[in-house]
Amino acid sequence: MILLDGKKTSADIKEEIKAEVSLLKKKGVKVPHLAAILVGNDGASQTYVGAKVKACEYVGFTSTLIRLDDNTTEEELLNKVREVNNNVDIDGLIVQLPLPKHISEIKVTETISPDKDVDGFHPANVGKMALNLPSYLPATPAGIMELLARYDVDTVGKHCVVIGRSHIVGSPMSILMARNTKPGNSTVTLTHSRTQNLKEITLQADIIIVALGKPEFLTADMVKDGVVIVDVGITRVPSTETKSGFRLKGDVKFDEVAEKSSFITPVPGGVGPMTIVSLMMNTLQAVKSRL
Ligand code: NAP
């Protein structure tokens, strides 16, 4: 079994980005600038945004964190997005999800300029991705593709089963794995909560990408020997053993599934850190595409 080590791979990629940024500086090109909007005080969201800002600083990007309180109206948030769209100094914008219930996520996503949509959620970017045209790819699926590429995982003609069809993970993941790219060219089955006989399907899978948000959902009896496992799930479960009072669990029962796997991502240290570097890669791309 080979561990698909997202922590190490993302650290390598950060060094590559850092080197590119210092080259840009030497050439007198402005360094990439990522803006993040965070609405409210959700603990997990604050952690994710904090990690993104820290990663920006590490690679030499400029970052701006815009914090808005829970009572921010939809119009106020949309105006803030428009303000960032019009700010020529900012190259990429992310709005941390989820948003408070009174704000429409789709309206916000559609308001972000597709040119600055480094999360790759705007319908224009999703459409381009489906058509295999150059676009910003959604960060988590793009990070997974990068991890598979760097470990040279063979995906051609393989049966890839994706569990979960969210707009940010499962659905784009199924599109990317089916595209005529490397990695890619898999035969993809996209499954969800209405799928019948899931175990029969996963038992046929060469690659399983699990993104449903149910801790330890995928067990050893559901996979065949030699399977490649990508565990996207991150759930905070209460723990008396950690200072924070919780620990992170993936969607895969790691110890038993690892024994049958050829490659597997750990949680934490697998897909999570790759998501952040994808965002950095997209932001760097935003600057390079204008050179
Ligand atoms: P989501 O929007 O809640 O979607 C979950 C998906 O799982 C839905 O499509 C749902 O089906 C499906 N599902 C639920 N129960 C199922 C079952 N029993 N069998 C098969 N499918 C089932 O979740 P998400 O945003 O994609 O996130 C999934 C997990 O990944 C979460 O733990 C999240 O924290 C994590 N995540 C991690 C990263 C990272 O960087 N590592 C990034 C994003 C998300 P229906 O569509 O039918 O409801």
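When a ligand or atom number is given, it counts from 1 through the structure's own listing order. What you are looking at is a predicted structure, and each value in this text was computed from that prediction instead of being measured.
- Side-chain contact annotation: H159 with S186, donor-acceptor N/O pair under 3.5 Å absent.
- Within the 4.0 Å heavy-atom cutoff, G170 does not count among the residues contacting ligand 1.
- The two atoms that bring L218 and V257 nearest to each other are O-CG2, 3.5 Å, heavy atoms only.
- Numbered from 1 in the order shown, with element, the atoms of ligand 1 that lie under 4.0 Å from a heavy atom of I163 read 20 (C), 21 (N).
- Summary of contacts: the protein heavy atom closest to atom 48 (O) of ligand 1 is S193 OG, 3.7 Å.
- In the vicinity of T275, heavy-atom distances shorter than 4.0 Å reach the ligand 1 atoms 39 (C), 40 (O).
- The nearest heavy-atom contact from the protein to atom 16 (C) of ligand 1 is L212 CD1, 3.4 Å.
- In this structure, atom 12 (C) of ligand 1 lies nearest to the protein heavy atom G164 CA, 3.9 Å.
- Donor-acceptor pairing under 3.5 Å is recorded for the side chains of H33 and D89.
- The backbone N or O of L137 sits nowhere less than 3.5 Å from a side-chain atom of S135 that would complete a donor-acceptor pair.
- The protein non-hydrogen atom at the shortest distance from atom 31 (C) of ligand 1 is G213 CA, 3.6 Å.
- When heavy-atom distances to ligand 1 are checked against a 4.0 Å cut-off, T195 has no atom that comes that close, whether in backbone or side chain.
- When each atom of ligand 1 is checked for a heavy atom of G272 under 4.0 Å away, the hits are 40 (O), 41 (N).
- Numbered from 1 in the order shown, with element, the atoms of ligand 1 that lie under 4.0 Å from a heavy atom of V169 read 26 (O), 43 (C), 44 (C).
- Closest protein heavy atom to atom 8 (C) of ligand 1: R165 N, 3.9 Å.
- No donor-acceptor distance shorter than 3.5 angstrom exists from the side chain of N125 to the backbone of G120, with no hydrogens or angles considered.
- Closest to atom 36 (N) of ligand 1 among all protein heavy atoms lies V232 O, 3.6 Å.
- Side-chain atoms of Y136 never come within 3.5 Å of backbone atoms of L279 as a donor-acceptor pair (strictly under, hydrogens ignored).
- Across the listed options I234, V271, L248, T191, I234 owns the non-hydrogen atom lying nearest to atom 34 (O) of ligand 1.
- Under the side chain to side chain contact (heavy atoms under 4.5 Å, CB included) rule, V230 has a single partner from V153, L148, I208, V210, which is L148.
- Looking from atom 21 (N) of ligand 1 to the surrounding protein, the closest heavy atom is H192 C, 3.1 Å.
- Looking at atom 15 (N) of ligand 1, its nearest protein heavy atom turns out to be K214 NZ, 3.2 Å.
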